[in-house]
Chemist: 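This is the structure I have questions about; it appears just below.
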Amino acid sequence: MGNRAYVGPADRQPVVISSKTVASALLPCTFVTEGASAFTQATAFGPNLRLLINRDFYSVGQFDSVDPLKTAYVSGDTVSAAVLEPGQQYMVAAAAATYTFGQELTVAASGRAAGASSTNVVVAFAREAGAKSAGDLMLVEIAMPYVK
């Protein structure tokens, strides 16, 4: 997986919007809302939900604290954001918690994935289990959104 936000499936590529900027400093692998000219941080499910991903030309080849997936975009940067499709797998920043394989996830504070509770909109499923600190990356599979 390395330093790539999009994991698969390998037989196709995600639809990516790469002609808009970010309205503030935002981390890759967080959920955003697409506006007419910019992306803003999402804190809940809503229309035009996207996922900020890495820029290929910023890749350094290893995953460490200075990797592009851990480095915030600067306000005004032109970014790449994926249009979410069911079945695709991404690395997504998680809220601090312990997750189970297959757990239903929703969009939470700072655009991070968190465990969905009753009445939340489920946007993804955890594809790995374990304890995560705030901002740790977790492999998820995008779901067809539904209310839990």
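For the numbers below, each heavy atom of this structure counts, side chains included, while hydrogens, waters and symmetry mates do not.
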Chemist: Show me the pairs that pass side chain to side chain donor-acceptor pair (under 3.5 Å) and involve residues 114-127, at least two apart or across chains.
Modeler: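 Sorted pair list: Ser117-Asn120.
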
Chemist: Would a 4.5 Å heavy-atom cut-off, applied to side chains only, mark Leu49 and Val123 as touching?
Modeler: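 Yes, close enough: below the 4.5 Å cut-off.
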
Chemist: Just grab all the side chain to side chain donor-acceptor pair (under 3.5 Å) pairs involving residues 35-45, residues at least two apart or on different chains.
Modeler: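 For residues 35-45, and leaving out neighbouring residues, the side chain to side chain donor-acceptor pair (under 3.5 Å) pairs sorted by first residue read Thr30-Gln41.
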
Chemist: When rounded to the nearest 0.5 angstrom, what is the spacing between CG in Asp77 and OG in Ser75?
Modeler: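 The distance works out to 8.0 Å.
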
Chemist: Report yes or no: do Val16 and Phe31 belong to one cluster of Ile/Leu/Val/Met/Phe/Trp/Tyr joined by side chain heavy-atom distances under 4.5 Å?
Modeler: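 Yes: a chain of side-chain contacts under 4.5 Å links Val16 to Phe31.
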
Chemist: Please collect all salt bridge (charged side-chain N to carboxylate O under 4.0 Å, His left out) contacts where either partner lies in residues 81-97, sequence neighbours excluded, each pair once.
Modeler: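 For residues 81-97: Arg12-Glu85.
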
Chemist: Determine whether a donor-acceptor pair (N or O, by modelled atom type, separation under 3.5 Å) exists between the side chain of Gln103 and the backbone of Ala126.
Modeler: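 No: the side chain of Gln103 does not pair with the backbone of Ala126.
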
Chemist: Taking all non-hydrogen atoms of both residues, which atom of Glu128 and which atom of Leu137 are closest, and how far apart?
Modeler: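 Where Glu128 meets Leu137 most closely, the heavy atoms are OE2-O, 4.2 Å.
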
Chemist: Set out, in order, the CA-CA distance, both residues' side-chain angles and the distance that settles side-chain contact (heavy atoms from CB on, under 4.5 Å) for Gln89 and Leu139, then state yes or no.
Modeler: CA-CA 7 Å; Gln89 293 186 352; Leu139 180 62; 4.0 Å; yes

Chemist: Let me confirm one number: the SG-CG distance from Cys29 to Leu52, rounded to the nearest 0.5 Å.
Modeler: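 That separation rounds to 8.5 Å.
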
Chemist: Could you note down all residue pairs passing ring-ring contact (aromatic ring centres under 6.0 Å, His included) where residues 74-106 supplies at least one of them, sequence neighbours left out?
Modeler: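 Only Tyr6-Tyr90 qualify under ring-ring contact (aromatic ring centres under 6.0 Å, His included).
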
Chemist: Restricting to non-hydrogen atoms, name the atom on Gly135 and the atom on Ala93 that form the minimum distance, rounded to 0.1 Å.
Modeler: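 That closest heavy-atom pairing would be O-CB, 4.0 Å.
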
Chemist: Would you name the heavy atoms of Pro47 and Thr33 that are closest together and state the gap between them?
Modeler: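 In this case the closest contact between Pro47 and Thr33 is O-CG2, 3.6 Å.
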
Chemist: Taking only residues at least two apart or on different chains, which pairs with a member in residues 100-117 satisfy salt bridge (charged side-chain N to carboxylate O under 4.0 Å, His left out)?
Modeler: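 Counting only pairs at least two positions apart or across chains, the salt bridge (charged side-chain N to carboxylate O under 4.0 Å, His left out) contacts touching residues 100-117 are Glu104-Lys148.
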
Chemist: Drop me the distance from Ser80's OG to Leu51's CG, to the nearest 0.5 angstrom.
Modeler: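 Reported to 0.5 Å precision, the distance equals 11.0 Å.
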
Chemist: Which residues satisfy the side chain to side chain contact (heavy atoms under 4.5 Å, CB included) test with Thr21, sequence neighbours excluded?
Modeler: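 Ala38, Thr78.
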
Chemist: Identify the two heavy atoms, one from Ala72 and one from Pro28, that lie closest to each other, and give their separation to 0.1 Å.
Modeler: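 It is CA-CD, 4.4 Å.
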
Chemist: For Arg50, give me all partners under side chain to side chain contact (heavy atoms under 4.5 Å, CB included), at least two apart in sequence or on another chain.
Modeler: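 Counting only residues at least two positions away or on another chain, Arg50 forms a side chain to side chain contact (heavy atoms under 4.5 Å, CB included) with Ile17, Val32, Glu34, Phe39, Asn48, Ala81, Val83.
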
Chemist: If you link ILVMFWY side chains whenever their heavy atoms are less than 4.5 Å apart, which other residues fall into the same cluster as Val122? By chain and number, please.
Modeler: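 For the cluster that includes Val122, the remaining residues are Phe125, Tyr146.
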
Chemist: For the side chain of Thr106 and the backbone of Ala114, is there at least one donor-acceptor N/O pair under 3.5 Å apart?
Modeler: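 Looks like no, no N/O pair under 3.5 Å.
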
Chemist: Side chain to side chain contact (heavy atoms under 4.5 Å, CB included) with Pro145: which residues, sequence neighbours excluded?
Modeler: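 Applying side chain to side chain contact (heavy atoms under 4.5 Å, CB included) to Pro145 gives Phe45, Val121.
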
